[in-house]
Amino acid sequence: MLSFCRLPIPECADTQFRQFCFLHFSSPTMPKVKSFFIKDQLKYQTLKITGSQQEGPMENGGQNMVQVQQNGNLSGSHSPIMTGSIDDSRTNLIVNYLPQTMTQEEIRSLFSSIGEVESCKLIRDKTTGQSLGYGFVNYKSPDDADKAISTLNGLRLQNKTIKVSVARPSCESIKGANLYISGLPKTMTQLELENLFSRCGSIITSRILSDPVTGLSKGVGFIRFDQRHEAERAIKDLNGKIPEGSTEAITVKFANSPSSTTKSTIPLTMASYLTASPTRRFLGPIHHPAGRYSLNPIRYSPLESTAAATGLITTPTSALISGNPLQPTGWCIFVYNLAPETEENTLWQLFGPFGAVQSVKVIRDFQSQKCKGFGFVTMTNYEDSLMAIQSLNGFALGNRILQVSFKTNKTKMM
DNA sequence: CGACGGGACGC
DNA sequence: CGACGGGACGC
């Protein structure tokens, strides 16, 4: 069942190279060919494995390895572990792409089959407790660590192929080096993405997100650099830049941390629940048009104060307003004729009195950071949105007359 | 008269 | 000769 072979990789005992070794098989179930390459040196070697998966590779592999072996000292010639040393640079492994359900004890059990494990830690989300899919295994002996890499790297567990490599020493400078990139051309490949960012530093991983159904790129992706300063450089160099052959500027920023990612969707959902029904109860039934706005209607819309009540009869279906499909996010309102200096707080102040406002957005020119004359406001309740539109459309803000309506589907392309 | 974003965060 | 899955650094 195991789709790996025991295969010593002496040159990978060199810490500098080991972390760049990749092992893969040509076939998931019956590997005939095993190859590896050292990314930094663009050097790789393939071992043809034709016989038994246990003995054959051991011998073949060991001989083949000698060609690239630099200072292999596999069998007994190594010095004993330094007593009292805290040097775990050769014993500490990072295990990636673990199955979601795998526990720390299962990991410990698996890796203990190689040799004595000093410590084992599965990294979990701080708040949810969910596995983050990676962990650390520290062996007592460097030889066992080597053996674990050669034996367990590439092991298929459930739907995952785990990766076992030497962990970089824990160091502040490698944290926060993961970038989130948006605005990528839909045609851009992962390789092209890496080519774009490789000038800024050493890329550890990259990824372009794609729609699981269509397989098409979502135009966003990730780049993890080796060092945080490299990521910072990439933000400076590439944020707002237009890739060659594209017309759109990309956005480069630090990626969310895993824990904040899971948190972020919950408050929005909660907000919809909390604001929707209780608020309406306080407003009273529809046939009672004297809402809170009727106390001072002239303040917002002197010309339309009586018309405001007529829109409260029914909530339209999603088909009626094309820009507002019935979505959990609410009703999106287009606000036009904003001054260049307009900021978000202006929109909050304008729309807040009409009910729950989920978000506001002032659209700005990237270069000047001045408002392009319009913005968007998303409100939770249809009735509140309608009241806000009817009241604020035509409202004089400074020396400008606002135009306020539900958002349509217009885009630059159409 | 015109004018309708950006985000998206990996199972 | 040839090449790579997927949240990669301690929550």
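Naming convention: chains lettered A, B, ... in sequence-line order (proteins, then strands); numbering from 1 in each chain.
- For the pair A/Lys175 and C/dG10, the criterion of a side-chain N or O lying under 4.0 Å from OP1 or OP2 is met.
- In this structure, the CZ atom of A/Arg364 is 17 Å from the P atom of B/dC4, given to the nearest Å.
- In this structure, the nucleotide among C/dG10, B/dC9, B/dC4 sitting nearest to the side chain of A/Ser170 is C/dG10.
- Across all strands shown, A/Phe374 has heavy atoms under 4.0 Å from sugar-phosphate atoms exclusively, and none from any base.
- Contacts of A/Gln130 with the nucleic acid, taken as non-hydrogen atoms under 4.0 Å apart, are absent.
- In the interface, the side chain of A/Asp125 is not paired with the base of C/dG7 through any donor and acceptor atom under 3.5 Å apart.
- Residue side chain A/Asn256 does not reach the base of C/dG7 through any donor-acceptor N/O pair under 3.5 Å, judged by distance alone.
- Nearest-nucleotide positions on DNA chain C place A/Leu98 closer to the 5' end than the other of A/Lys121 and A/Leu98.
- The side chain of A/Phe376 has B/dC4 as its nearest neighbour among C/dA8, B/dC4, B/dA8.
- Within the 4.0 angstrom heavy-atom criterion, only backbone atoms of the sugar-phosphate kind lie near A/Leu209; the bases stay farther away.
- To the nearest angstrom, P of C/dG10 lies 16 Å from CG of A/Leu93.
- In this structure, A/Phe222 places its CZ atom 10 Å from P of B/dA8, rounding to the nearest Å.
- Of all nucleotides listed (B/dG6, B/dC9, B/dA3), B/dC9 comes nearest to the side chain of A/Ala255.
- More than 12 heavy atoms of other shown residues, nucleotides or ligands fall within 6.0 angstrom of atom CD in A/Gln369.
- Looking at heavy-atom distances under 4.0 Å, A/Gln227 makes no contact with the nucleic acid at all.
- For A/Phe136, the ring-ring contact (aromatic ring centres under 6.0 Å, His included) test picks out no residue, with sequence neighbours left out.
- Between B/dG2, C/dC11, B/dC9, one nucleotide has an atom nearer to the side chain of A/Tyr134 than all others, and that is C/dC11.
- Two residues, A/Ser131 and A/Cys171, neighbour DNA chain C, and the one matched to the more 5' nucleotide by heavy-atom proximity is A/Ser131.
- With centres under 5.5 Å and a plane angle under 30° as the test, the ring of A/Phe334 is not stacked against the base of B/dA3.
- For A/Asn96 and B/dG10, the CG to C1' distance is 13 Å, given to the nearest whole Å.
- Rounded to whole Å, the distance from CG on A/Leu397 to P on B/dA3 is 21 Å.
- Checking B/dG2, B/dC4, B/dA8 against every side-chain atom of A/Val220, the shortest atom distance belongs to B/dA8.
- Rounding to whole angstrom units, CD1 of residue A/Ile181 and P of B/dG7 are separated by 13 Å.
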Side-chain donor-acceptor distances from residues 172-179 of chain A under 3.5 Å, at least two apart:
unit_1: A/Glu172; atom_1: OE2; unit_2: A/Lys175; atom_2: NZ; d: 3.0
unit_1: A/Ser173; atom_1: OG; unit_2: A/Gln227; atom_2: OE1; d: 2.6

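- For the residue pair A/Asn195 / A/Ser198, no side-chain donor-acceptor distance below 3.5 Å is found, with atom types taken as modelled.
- By the salt bridge (Lys or Arg N to Asp or Glu O under 4.0 Å) test, A/Glu232 pairs with A/Arg228, sequence neighbours left out.
- Listed pair A/Arg207 / B/dA8 fails the phosphate criterion, with no side-chain N or O lying under 4.0 Å from OP1 or OP2.
- We find that CG of A/Leu347 is positioned 14 Å from C1' of B/dC4, with the value rounded to whole Å.
- Using a 4.0 Å cut-off on heavy atoms, none of the residues of residues 233-252 of chain A approach DNA chain C.
- With both ends at atom P, the span from B/dG10 to C/dG6 equals 15 Å, rounded to whole Å.
- The aromatic rings of A/Phe222 and A/Tyr180 lie perpendicular to each other, with more than 60° between the two planes, well past the 30° mark.
- Of the charged side-chain nitrogens involved, at least one lies within less than 4.0 Å of a carboxylate oxygen, so that A/Asp226 and A/Arg168 count as a salt-bridged pair.
- Here A/Thr346 pairs with nothing under the side-chain hydrogen bond (donor to acceptor under 3.5 Å, both in side chains) rule; sequence neighbours left out.
- Glycosidic conformation of C/dC11 is syn; the angle stays within 90° of 0.
- Shown here are the salt bridge (Lys or Arg N to Asp or Glu O under 4.0 Å) partners of A/Glu105, two or more places apart in sequence or in another chain: A/Arg108.
- In this entry the distance linking CG of A/Leu132 with P of C/dG6 reads 17 Å, nearest Å.
- Between the side chain of A/Gln100 and the base of C/dG7, no donor-acceptor pair under 3.5 Å is found.
- Contacts of A/Asn337 with the nucleic acid, taken as non-hydrogen atoms under 4.0 Å apart, are absent.
- Which of B/dC9, C/dG10, B/dG6 sits closest to the side chain of A/Lys361 comes down to B/dG6.
- Atom P of B/dG7 sits at a distance of 31 Å from the matching atom of C/dC11, rounded to the whole Å.
- The aromatic rings of A/Phe374 and A/Phe376 sit perpendicular to each other, their planes meeting at more than 60°, with 30° as the lower class boundary.
- Heavy atoms of A/Asn138 sit nowhere under 4.0 angstrom from any nucleic acid atom.
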